[in-house]
Amino acid sequence: MNSKSFSERVLEIVGRIPKGQVLSYKEVARRAGRPLAYRAVGNILKQNHDPKIPCHRVIRANGTLGGFNRGADTKAKLLREEKAILI
DNA sequence: CGTATGACGTGCA
DNA sequence: GTGCACGCCATAC
């Protein structure tokens, strides 16, 4: 079941993040089967501009929001709306 | 094929 | 707590 590329795997995992839940890039990479590919995870999310992917629920391991193609401000707002746990 | 990039993470001073 | 440097991976050119 490795037909899909790492990017597809990551996007699927991120799309399965429940509301109010946030995962770190490292967590997503670990679920994708590449616990050391957190670098690629960020790149993939940046390339992906699919509104169906709650990429705003992916934050850094240290608790910071990181970045967002629409601006970190939008990301913080979305997380606040979802009552997500932020630092 | 080799180089460069990046929404990262960890270590050390 | 802050700042700097290195390492890691996938993707794009």
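So you know, we letter chains A, B, ... as the sequences are listed, proteins then strands, and number each from 1. Please read these numbers as outputs of a predicted model, since none were measured by experiment.
Between A:L45 and A:V14 the shortest side-chain heavy-atom distance falls below 4.5 Å. Between A:E82 and A:H56, the closest side-chain pair of non-hydrogen atoms falls below 4.5 Å. No side-chain heavy atom of A:T64 sits under 4.5 Å from any side-chain heavy atom of A:I59. By the 4.5 Å heavy-atom criterion applied to side chains, A:L79 and A:L65 are counted as neighbours.
In this structure, of C:dT11, C:dG7, B:dA7, it is C:dT11 that holds the atom nearest to the side chain of A:F6. Picking from C:dT11, B:dA7, C:dC9 the nucleotide with the shortest atom distance to the side chain of A:S7 gives C:dT11. Checked against B:dA7, C:dA10, C:dT11, the side chain of A:R34 finds its nearest nucleotide in C:dA10. Residue A:A61 places its side chain closer to B:dT10 than to any other of B:dT10, C:dA10, B:dA7.
A:Y38 and A:V10 end up in the same hydrophobic cluster when Ile, Leu, Val, Met, Phe, Trp and Tyr side chains are linked at under 4.5 Å.
The distance from atom CG of A:N48 to atom P of C:dT11 is 13 Å, rounded to the nearest whole Å. In this structure, the CZ atom of A:F68 is 19 Å from the P atom of B:dG6, given to the nearest Å. Between the CZ atom of A:R30 and the C1' atom of C:dC8 there is a distance of 17 Å, rounded to whole Å. The interatomic distance linking A:R9 (CZ) with C:dA10 (C1') rounds to 13 Å, in whole Å. Straight-line distance from the CG atom of A:L78 to the P atom of B:dA7: 18 Å, rounded to whole Å. Distance CG (A:L11) to C1' (C:dT11): 13 Å, rounded to an integer number of Å. Across the protein-nucleic acid pair, A:I53 atom CD1 and B:dA7 atom C1' stand 15 Å apart, rounded to whole Å. The distance from atom OH of A:Y25 to atom C1' of C:dA10 is 15 Å, rounded to the nearest whole Å.
Across all strands shown, A:L45 has heavy atoms under 4.0 Å from base atoms, whether or not it also approaches the sugar-phosphate. Residue-level contact check: A:A40 touches the bases, meaning some heavy atom is under 4.0 Å from a base atom.
Qualifying side chain to side chain donor-acceptor pair (under 3.5 Å) partners for A:R70, counting only residues two or more places apart in sequence or in other chains: none.
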Atom pairs under 3.5 Å, N or O on each side, protein against nucleotides 11-13 of chain B: can you list them with distances?
none

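Of the two residues contacting DNA chain C, namely A:Y38 and A:I44, the nearest-nucleotide position lying further toward the 5' end is that of A:Y38.
A sub-4.0 Å separation between OP1 or OP2 of C:dA12 and a side-chain N or O of A:Q47 is present. Side-chain N/O atoms of A:K46 include none lying less than 4.0 angstrom from OP1 or OP2 on B:dT5.
The pair A:E12-A:R16 meets the salt-bridge criterion, since a charged nitrogen lies less than 4.0 angstrom from a carboxylate oxygen.
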